[in-house]
Amino acid sequence: MSQNTLDYLESHQSGTPSQWREEAEWRRDNREWLHYSKRIAVMLLSYMKRGHLTQSAMAERLDCTQQYVSKILKGTENLSLETLAKLESAMGERLIVC
(Lines give C-alpha, C1' and ligand atoms only; values in the text may rest on other atoms or scores of the structure.)
Protein backbone atom coordinates (compact mmCIF):
# COMPACT_ATOMS: atom_id res chain seq x y z
CA MET A 1 0.00 0.00 0.00
CA SER A 2 1.12 3.51 -0.58
CA GLN A 3 2.03 5.73 2.35
CA ASN A 4 -0.86 8.08 1.47
CA THR A 5 -3.33 5.21 1.80
CA LEU A 6 -1.86 4.12 5.11
CA ASP A 7 -1.94 7.68 6.43
CA TYR A 8 -5.56 8.04 5.33
CA LEU A 9 -6.57 4.79 7.03
CA GLU A 10 -4.77 5.65 10.24
CA SER A 11 -6.38 9.10 10.38
CA HIS A 12 -9.84 7.51 10.07
CA GLN A 13 -9.24 4.69 12.50
CA SER A 14 -11.77 4.35 15.32
CA GLY A 15 -10.61 5.20 18.81
CA THR A 16 -12.42 2.20 20.27
CA PRO A 17 -11.70 -1.41 19.36
CA SER A 18 -14.24 -3.23 17.23
CA GLN A 19 -16.45 -5.84 18.88
CA TRP A 20 -17.44 -7.55 15.63
CA ARG A 21 -15.74 -10.85 16.47
CA GLU A 22 -17.39 -11.13 19.89
CA GLU A 23 -20.78 -10.21 18.42
CA ALA A 24 -20.41 -12.76 15.60
CA GLU A 25 -19.42 -15.48 18.07
CA TRP A 26 -22.38 -14.59 20.31
CA ARG A 27 -24.79 -14.83 17.35
CA ARG A 28 -23.27 -18.19 16.37
CA ASP A 29 -23.49 -19.54 19.93
CA ASN A 30 -27.11 -18.39 20.32
CA ARG A 31 -28.34 -19.16 16.80
CA GLU A 32 -31.12 -21.55 17.84
CA TRP A 33 -33.07 -19.29 20.20
CA LEU A 34 -32.32 -16.18 18.11
CA HIS A 35 -34.14 -17.86 15.22
CA TYR A 36 -37.30 -18.15 17.33
CA SER A 37 -36.90 -14.68 18.81
CA LYS A 38 -36.71 -13.13 15.34
CA ARG A 39 -39.77 -15.04 14.14
CA ILE A 40 -41.74 -13.87 17.18
CA ALA A 41 -40.56 -10.30 16.58
CA VAL A 42 -41.85 -10.43 13.00
CA MET A 43 -45.19 -11.86 14.16
CA LEU A 44 -45.53 -9.14 16.82
CA LEU A 45 -44.63 -6.39 14.36
CA SER A 46 -47.17 -7.73 11.88
CA TYR A 47 -49.84 -7.84 14.60
CA MET A 48 -49.03 -4.27 15.64
CA LYS A 49 -49.24 -3.03 12.04
CA ARG A 50 -52.59 -4.74 11.47
CA GLY A 51 -53.98 -3.20 14.65
CA HIS A 52 -52.29 0.17 14.13
CA LEU A 53 -50.63 -0.19 17.53
CA THR A 54 -47.64 1.77 18.71
CA GLN A 55 -44.95 0.28 20.90
CA SER A 56 -46.43 2.18 23.83
CA ALA A 57 -49.89 0.74 23.22
CA MET A 58 -48.44 -2.75 22.96
CA ALA A 59 -46.51 -2.18 26.17
CA GLU A 60 -49.76 -1.34 27.95
CA ARG A 61 -51.30 -4.60 26.75
CA LEU A 62 -48.27 -6.55 27.94
CA ASP A 63 -47.92 -4.60 31.19
CA CYS A 64 -44.30 -3.74 30.44
CA THR A 65 -42.32 -0.74 29.22
CA GLN A 66 -42.09 0.56 25.68
CA GLN A 67 -38.35 -0.06 25.88
CA TYR A 68 -38.96 -3.78 26.50
CA VAL A 69 -41.31 -3.97 23.50
CA SER A 70 -38.55 -2.35 21.47
CA LYS A 71 -36.10 -5.05 22.63
CA ILE A 72 -38.57 -7.78 21.64
CA LEU A 73 -39.00 -6.22 18.20
CA LYS A 74 -35.23 -6.27 17.64
CA GLY A 75 -35.43 -10.06 17.68
CA THR A 76 -32.54 -10.55 20.06
CA GLU A 77 -34.42 -10.80 23.36
CA ASN A 78 -34.34 -14.19 25.08
CA LEU A 79 -38.04 -14.35 25.97
CA SER A 80 -39.28 -16.11 29.06
CA LEU A 81 -42.27 -18.44 29.00
CA GLU A 82 -44.16 -15.83 31.01
CA THR A 83 -43.49 -13.18 28.35
CA LEU A 84 -44.49 -15.59 25.58
CA ALA A 85 -47.76 -16.30 27.39
CA LYS A 86 -48.41 -12.54 27.76
CA LEU A 87 -47.71 -12.03 24.06
CA GLU A 88 -50.09 -14.82 23.08
CA SER A 89 -52.79 -13.43 25.36
CA ALA A 90 -52.39 -9.86 24.12
CA MET A 91 -52.31 -10.91 20.46
CA GLY A 92 -54.96 -13.60 20.70
CA GLU A 93 -52.66 -15.80 18.61
CA ARG A 94 -50.56 -18.86 19.29
CA LEU A 95 -46.84 -18.25 19.03
CA ILE A 96 -45.70 -21.68 20.12
CA VAL A 97 -47.35 -24.94 19.13
CA CYS A 98 -46.41 -27.98 21.19
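Every value quoted in this text rests on a predicted model; they were computed, and no experiment measured them. Residues take their numbers from the sequence shown, with the count starting at 1.
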Taking atom CD of Glu25 as the centre, does the number of heavy atoms from other residues, nucleotides or ligands within less than 6.0 Å exceed 12?
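Enclosed.
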
Atom CG of Asp7 with >12 non-hydrogen neighbours under 6.0 angstrom
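Check passes, neighbour count above 12.
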
Using 0.5 Å steps for rounding, measure from the [atom1] atom of [X] to the [atom2] atom of [Y].
X: Ile40; Y: Lys38; atom1: CD1; atom2: NZ; answer: 13.0 Å
X: Leu87; Y: Leu79; atom1: CG; atom2: CG; answer: 6.5 Å
X: Ser89; Y: Asp63; atom1: OG; atom2: CG; answer: 11.5 Å
X: Leu62; Y: Thr83; atom1: CG; atom2: OG1; answer: 8.0 Å

Using a 3.5 Å distance criterion without hydrogens, assess whether the side chain of His35 forms a donor-acceptor pair with backbone atoms of Arg31.
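A pair under 3.5 Å: no.
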
In a table with atom names and distances, give each donor-acceptor pair under 3.5 Å that connects a side chain of residues 42-60 to protein atoms at least two apart or in another chain.
from: Ser46; atom 1: OG; to: Arg50; atom 2: NH1; distance (Å): 2.9
from: Tyr47; atom 1: OH; to: Arg61; atom 2: NH1; distance (Å): 2.6
from: Tyr47; atom 1: OH; to: Ala90; atom 2: O; distance (Å): 3.1
from: Arg50; atom 1: NH2; to: Glu93; atom 2: OE2; distance (Å): 2.6
from: Thr54; atom 1: OG1; to: Ser56; atom 2: N; distance (Å): 3.4
from: Thr54; atom 1: OG1; to: Ala57; atom 2: N; distance (Å): 3.0
from: Gln55; atom 1: OE1; to: Gln66; atom 2: NE2; distance (Å): 2.4

Give the cluster check for Trp33 versus Leu81: same hydrophobic cluster or not, with ILVMFWY residues linked at side-chain heavy-atom distances below 4.5 Å.
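No, separate clusters.
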
May I have the list of side-chain donor-acceptor pairs in residues 67-77 shorter than 3.5 Å, sequence neighbours left out?
none

Are Trp26 and Asp29 close enough that a side-chain donor and a side-chain acceptor fall under 3.5 Å?
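Trp26 vs Asp29: no donor-acceptor pair found between side chains.
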
Checking Arg94 now: which residues fulfil salt bridge (Lys or Arg N to Asp or Glu O under 4.0 Å) with it, not counting sequence neighbours?
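Arg94 satisfies salt bridge (Lys or Arg N to Asp or Glu O under 4.0 Å) with Glu88 once adjacent residues are dropped.
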
